[in-house]
Amino acid sequence: MKSSSRFSALAAVLLAGAVSACTTIRELPTEPADFELSKEQAEEREYSRKLLEAFLKNDASGFIALLSPEMKEEFGKDKFELSRKVITETLGEPVSFSYVTALEHIAITPYIWKVRFVLKNKEDKEYYSEALFRVLAGHDTKGEVVIVGFNFL
């Protein structure tokens, strides 16, 4: 009986210590699931996909055709070729991509894609890297999809 009373006393001390050492931690809200895309946003996402595919295929005219009129003036074939050259020299040749998410925003929706690249050294050893590609898309006053910006992150 003596050992069980010692055990009870030890349990009481440990329990009391655990209770007195407790602190209240305010719980953070859970991370919400990706929001549902509306019909318009689904169209924008498809345009952003086409833009990325044109970049990966080195299709300057297809890429530029998807841009807003203002972007077309600013980003011509020369800038496309230069941008693609810098990206491929730095990260390598694009080999695959996948959709990540759309970020919730009031007027323009950022669509985020993950792009995988392969870079080969002189001995043909392959090195892989990834980058995010962001496309800013929305609808104009006529209801047409417009791409107003893009960049690798």
Side-chain angles (χ1 to χ4, degrees), residues 14-153:
L14 290 175
L15 185 58
V19 171
S20 66
C22 286
T23 59
T24 303
I25 298 174
R26 198 177 293 181
E27 287 190 38
L28 297 174
T30 59
E31 187 174 338
D34 211 12
F35 66 94
E36 285 288 318
L37 294 179
S38 67
K39 179 182 175 240
E40 291 81 14
Q41 289 169 325
E43 290 174 335
E44 294 167 5
R45 178 179 170 236
E46 186 57 30
Y47 260 68
S48 73
R49 179 187 185 90
K50 289 178 182 178
L51 186 78
L52 179 56
E53 287 176 341
F55 183 83
L56 300 181
K57 292 177 182 176
N58 200 14
D59 178 9
S61 59
F63 186 90
I64 294 165
L66 294 165
L67 301 177
S68 69
E70 297 80 18
M71 289 287 300
K72 286 179 185 176
E73 288 179 24
E74 182 183 324
F75 196 85
K77 186 176 179 181
D78 292 341
K79 276 196 176 179
F80 173 87
E81 290 172 353
L82 179 62
S83 297
R84 193 168 191 292
K85 180 181 180 200
V86 168
I87 292 293
T88 56
E89 286 177 355
T90 305
L91 297 172
E93 282 296 321
V95 292
S96 65
F97 68 94
S98 61
Y99 176 72
V100 177
T101 192
L103 301 177
E104 197 168 2
H105 200 274
I106 295 170
I108 300 295
T109 304
Y111 296 91
I112 310 296
W113 299 84
K114 180 175 75 169
V115 183
R116 189 163 195 233
F117 298 87
V118 63
L119 191 61
K120 294 182 181 181
N121 66 8
K122 293 175 184 171
E123 294 82 33
D124 278 342
K125 182 169 171 70
E126 295 181 342
Y127 297 93
Y128 290 90
S129 60
E130 295 175 331
L132 296 176
F133 185 67
R134 179 181 69 161
V135 180
L136 303 172
H139 277 73
D140 63 14
T141 56
K142 298 174 192 168
E144 300 292 322
V145 175
V146 290
I147 294 184
V148 297
F150 55 87
N151 64 307
F152 277 95
L153 305 172

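All values derive from a computational prediction rather than experimental measurement.
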Completion exercise
Rounded to the nearest 0.5 Å, the CG atom of L132 sits from the CH2 atom of W113 at a distance of 12.5 Å

Exercise for the section: Give the minimum heavy-atom separation between A131 and L91, together with the two atoms involved. Expected result: CB-CD1, 3.9 Å

Problem - Test of ring centre spacing under 6.0 Å for F55 and F152 - result: yes

Fill in the blank from the handout: Between E43 and H139, the two heavy atoms sitting closest are OE1-NE2, 3.0 Å

Completion exercise
salt bridge (Lys or Arg N to Asp or Glu O under 4.0 Å) with E93: of R84, K120, R116, only one passes, and it is R84

Problem - Distance-only side-chain donor-acceptor flag, Y128 / E126, under 3.5 Å - result: yes

Problem - R45 side chain vs T101 backbone, donor-acceptor pair below 3.5 Å - result: no

Handout entry: Y111 backbone acceptor or donor facing Y99 side chain under 3.5 Å
Key = no

Exercise for the section: Look at E81 together with K85 and state whether they make a salt bridge at an N to O cut-off of under 4.0 Å. Expected result: no

Practice task
Let me see the working for H105 and L103 under side-chain contact (heavy atoms from CB on, under 4.5 Å), right down to the final yes or no.
Solution key: CA-CA 6 Å; H105 200 274; L103 301 177; 5.8 Å; no

Completion exercise
Separation between CG (L153) and CZ (F150), nearest 0.5 Å, reads 12.5 Å

Practice task
Output, in order, the C-alpha distance, side-chain angles, deciding distance and verdict of side-chain contact (heavy atoms from CB on, under 4.5 Å) for I147 and V135.
Solution key: CA-CA 7 Å; I147 294 184; V135 180; 3.8 Å; yes

Handout entry: Minimum heavy-atom distance between V115 and P94, given as atom pair plus value
Key = CG1-CB, 4.2 Å

Handout entry: Chi angles and distances behind the side-chain contact (heavy atoms from CB on, under 4.5 Å) call for F117, T90
Key = CA-CA 10 Å; F117 298 87; T90 305; over 6 Å; no

Problem - Positive for side-chain contact (heavy atoms from CB on, under 4.5 Å) with E44, one of V145, I108, L136 - result: V145

Practice task
To the nearest 0.5 angstrom, please state how far the OG atom of S96 sits from the NZ atom of K114.
Solution key: 7.5 Å

Problem - Nearest heavy atoms of K142 and D140, plus distance in Å - result: N-OD1, 2.9 Å

Handout entry: Six-ring centre of F80, K77 cation under 6.0 angstrom, axis tolerance 45°
Key = no

Please tabulate, for the side chains in residues 60-67, all donor-acceptor contacts under 3.5 angstrom to protein atoms that are two or more places apart in sequence or on a different chain.
from	atom 1	to	atom 2	distance (Å)
S61	OG	D59	OD1	3.2

Problem - Taking every non-hydrogen atom, the tightest pair across M71 and G149 - result: CE-CA, 4.2 Å

Problem - Closest non-hydrogen atom pair, G92 against L119 - result: CA-CD1, 3.6 Å

